[in-house]
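The structure under discussion appears below in the form of structure tokens.
Below, all heavy atoms of this structure are taken into account, side chains as well, without hydrogens, waters or symmetry copies. Note on naming: letters A, B, ... go to the chains in the order of the sequence lines (proteins, then strands), and numbering restarts at 1 for each one.
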Amino acid sequence: MEIVAAYAAGAAAPSALGDHSPAPSNGPVVDEVETAFQREAYKIVRDLPALETYIARAMAAGAVGIDTEADGINAVGASIVGIALSLGANDAIYIPLGHASADTRAGELFAAEQPPAEAAPDAGPQIPLNAALPALKPLLEAQGVLKIGMNIKWDVALFAQHGIALGPIDDPMLISYALYGGLDAHDKTSLVEKHLGHGLTPLADVVGKGKAQIGFELAAPERAAAYSAEQADAGLRLWRKLKPALAQEKLRTVYETLERPMPAVLAAMEREGIRIDPLMLSQLSGDFAQRMAQYESEAYGLAGREFNIGSPKQLGEILFDELKLQGGSKTKTGAWSTDASILETLAEEHNLPAKVLEWRQLSKLRSTYTEALGQAINPKTGRVHTSYALASTTTGRLSSNDPNLQNIPIRTEEGRRIREAFIAEKGNLLVSADYSQIELRLLAHVADIPQLKQAFADGVDIHARTASEMFGVPVEGMPKEIRNNAKAINFGIIYGISAFGLARNLGIEREEAGAYIKKYFERFPGIRDYMEATKTFARANGYVKTIFGRRIWVKGVQSKNAQERQFGERQAINAPLQGAAADIIRRAMVRMAEALPASGLSARMLLQVHDELVFEAPAAEAEALCALARRVMEAAPLPAASLSVPLTVEAKAGATWGAAH
DNA sequence: CCTCTTGTG
DNA sequence: AGATGCACAAGAGGC
């Protein structure tokens, strides 16, 4: 109970968001934090009076570790099976609430053929969920009690489905991300290993693994308690160790503005999901399958024999060993490379590569999208609910998984048809709002480039203006190819360009690409200065910063190995731009989540795709929503950062995601 | 489980 | 001399 002691001794009682502080991380606290987990010390709470007693202690403590267990891997539609709370090292409880009793379990186990691991004969007495949750709700929503959990977005989502607005919250994973983004993984297992120096009970000990794995609700409460209480215990211990470092490293504002608000915002988006038309998907699937079969048989004819067209190994053998086509190259494992750029070159000499390219495009679209997205529709909601990872990228971007809705095709005609299957509910529209050229604008700002800033201020075509600066060609009537060259250079600059990479991208000689780059830096010397300054900073500190202060550690930037170091330097150049764009859209998301209800709109935010937000709204609201999204998103950097270039957001409504673009 | 390939910003 | 644009997730083949 050292947290209680610390608060009791300290002048400030825990009050509002951000004012909770763990005990100082010196002396005995660290000892206690790092002491071994004593799983036998965890208590299983099976009656209301015992729960009330612990709740009273938690209310007084001001900070409580929490871990919530449910009967599914996806929080959407899942029910709470048990809750663990912790008030200090080894001072944790587990409250079984939805564990199946022996009869139920036996049936399920029989179906699974193998018992997980000596299941208890009976789940034992449990407080009814509809009695426990009302008792817990005041604690879970108490403004004066911080709820701390690893990956707390999961807990937020589950409690939201049970009518509880969990908060205020802290998440050691997100604290770690603010402190060490780019350095290490931030999952529970890695964090506990790194900071507490000992391992966690594996989930497999509770529910088994592989074919014999069972739902958490079928696990024995004793095993569940050892696992779950330990998670709550570990989360609180990590918090006590990591939270003080935020202030020491001056990363508290980053954490509080860019990380802490996100779990609630994302949980709501994930819960909304997006509607997908399964009929349209299956029609597309059938269409693709038919055309693939055609390409396949044509490919066999051209190859002179049948082979597995989906096997790069077999394709390489056909192209280079049997047909003896020239221009092959090997991958680092020694196999023939058959990627698209190789096949495109070979297509000039032989008809087979083109057939394979066509087949591959359809195969990718079919297996990754038209087939998989249909499977991803949640039967309970009829919608697709992606999951966003908050601490998985090095730059501060989100990532999307199960399914990934951040890589839905848009560039090709075939691919765009998949976006037509993302639809609004009847009487509603989808609204897509995206930042225009946000990373180039940020480059113009951070590198302080007068011509680029002026171009953005004037609202002119930035690639055309770049081309005009470089090649002395007037923007009016500029040939497409010249603008394309400038566009490739602009993107290359953001990524820490090399002559080789630009040459490959434009299909020109390396010398010519090198000349372009030289010319670019002559026209925009500030960009070269910015890049050099960024590399120097990264070499000296091991990290770079966004304009909002987010710290991005860059592995390899201090390496003696030139290749590693150069890779680090390119990351160091890109990260402040990509990272700042990620910061901006995070701020926009938090504000949109507040602004929608405040504006009296019933619109919901559904998706984030790095520079784009997708909403769903009644058709009558669409126009107001577009205006609101533009206003809120364009102002998102303020007041923390004032950009010297305008941000512009394009917002459009449509019946499908494709139509909203 | 790793490699290759390809979809997005 | 040799490698050489940033950030991701996912499916399929093959060991």
Side-chain angles (χ1 to χ4, degrees), chain A residues 181-182 307-316 330-343 356-357 359-373 375-376 386-389 392-412 414-416 418-419 434-440 443 488-506 510 513-514 517 531 544 552 554 561-579 581-582 585 607-613 657:
Chain A
F307 68 106
N308 182 350
I309 192 171
S311 163
K313 184 167 178 277
Q314 293 182 33
L315 178 63
K330 299 277 180 90
T331 67
K332 59 186 166 191
T333 58
W336 289 113
S337 175
T338 68
D339 68 28
S341 67
I342 299 266
L343 297 188
V356 176
L357 283 169
W359 182 91
R360 276 189 183 167
Q361 191 205 353
L362 296 180
S363 171
K364 176 74 175 183
L365 296 179
R366 198 172 115 91
S367 67
T368 310
Y369 304 106
T370 60
E371 291 291 310
L373 286 175
Q375 296 298 307
T386 187
S387 177
Y388 290 101
S392 76
T393 70
T394 51
T395 55
R397 274 190 175 180
L398 306 181
S399 69
S400 155
N401 59 70
D402 300 310
N404 183 357
L405 295 185
Q406 291 181 321
N407 72 343
I408 302 303
I410 194 168
R411 290 174 190 175
T412 68
E414 303 297 352
R416 272 197 297 276
I418 292 163
R419 289 202 174 212
D434 68 290
Y435 287 104
S436 166
Q437 308 285 6
I438 187 165
E439 289 184 19
L440 268 182
L443 174 67
I489 294 167
N490 276 334
F491 277 111
I493 290 294
I494 290 170
Y495 298 148
I497 203 165
S498 74
F500 180 91
L502 182 63
R504 188 182 50 188
N505 211 267
L506 285 176
R510 206 182 60 212
I517 294 170
M531 288 181 168
V544 291
I552 299 164
V554 185
N561 178 309
Q563 204 176 317
E564 275 178 29
R565 190 176 61 250
Q566 284 160 11
F567 186 56
E569 287 173 351
R570 290 193 297 273
Q571 286 180 313
I573 288 166
N574 173 258
L577 306 173
Q578 191 183 113
I585 199 164
L607 303 178
Q608 189 253 41
V609 192
H610 308 307
D611 67 351
E612 172 188 15
L613 296 175
W657 194 3

Each nucleotide in nucleotides 10-15 of chain C should get exactly one letter: B, S or -. Can you fill that in based on protein heavy atoms under 4.0 Å?
BSSSSS
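Across A:Thr386 and A:Ser400, no two heavy atoms sit closer than the pair OG1-OG, 2.8 Å. Across all non-hydrogen atoms, the minimal contact from A:Ala389 to A:Asn401 is CB-ND2, 4.2 Å.
Rounded to an integer number of Å, the gap from A:Trp359 CH2 to B:dC4 P is 18 Å. A straight line from OH of A:Tyr495 to C1' of C:dC8 spans 11 Å, rounded to a whole angstrom. With rounding to whole Å, A:Leu607 atom CG is found 13 Å from B:dG9 atom P. Taking atom CG of residue A:Asn574 and atom C1' of nucleotide B:dG9, one finds them 11 Å apart after rounding to whole Å. As a whole-Å value, the separation of A:Ile438 CD1 from C:dC6 C1' is 16 Å. Atom CG of A:Leu365 and atom C1' of B:dT8 are 12 Å apart (whole Å). A:Ile494 places its CD1 atom 11 Å from the C1' atom of B:dG9, with the value rounded to the nearest Å. Distance CZ (A:Arg416) to P (B:dT8): 10 Å, rounded to an integer number of Å.
Contacts of A:Ala488 with the nucleic acid, taken as non-hydrogen atoms under 4.0 Å apart, include base atoms. When heavy atoms are screened at a 4.0 angstrom cut-off, A:Ile410 is found touching the sugar-phosphate backbone but no base atom. Counting any heavy atom pair closer than 4.0 Å across all strands shown, A:Phe491 reaches a base atom. Within the 4.0 angstrom heavy-atom criterion, only backbone atoms of the sugar-phosphate kind lie near A:Ala340; the bases stay farther away.
How far NE2 of A:His610 is from CG of A:Leu398: 8.0 Å, rounded to the nearest 0.5 Å. Atoms CG and OH, on A:Asn404 and A:Tyr388 in that order, are 9.0 Å from each other to the nearest 0.5 Å. Atom CG in A:Leu362 sits 11.0 Å away from atom CG in A:Leu357 (nearest 0.5 Å). Interatomic distance, A:Ile408 CD1 to A:Ile418 CD1, rounded to the nearest 0.5 Å: 7.0 Å.
For the P atoms, the distance from C:dG2 to B:dT5 is 23 Å, rounded to whole Å. C:dA3 and B:dC4 have their P atoms separated by 15 Å, with the value rounded to a whole Å. Taking atom P on both C:dT4 and B:dT3, the two are 15 Å apart, rounded to the nearest angstrom.
Residue A:Arg411 has a polar side-chain atom (N or O) positioned under 4.0 Å from OP1 or OP2 of B:dG9. One finds a side-chain N or O of A:Arg570 lying less than 4.0 angstrom from the OP1 or OP2 phosphate oxygen of C:dC6.
No donor-acceptor contact under 3.5 angstrom links the side chains of A:Thr394 and A:Gln571, judged on distance only.
You'll find that the side chain of A:Gln578 is closest to B:dG9, out of B:dG9, B:dG7, C:dC8.
Taking every heavy atom of residues 331-339 of chain A and every atom of DNA chain B, pairs under 4.0 Å involve A:Thr331, A:Lys332, A:Thr333, A:Ser337, A:Thr338, A:Asp339, by number.
The one candidate from A:Ile573, A:Asn574, A:Ile489 that meets the side-chain contact (heavy atoms from CB on, under 4.5 Å) condition with A:Ile494 is A:Asn574.
A cation-pi geometry, defined here as NZ or CZ lying under 6.0 Å from the six-membered ring centre and within 45° of its normal, does not hold between A:Lys313 and A:Trp336.
Residue pairs that meet the salt bridge (Lys or Arg N to Asp or Glu O under 4.0 Å) test with at least one member in residues 403-412 of chain A, sequence neighbours left out, do not exist here.
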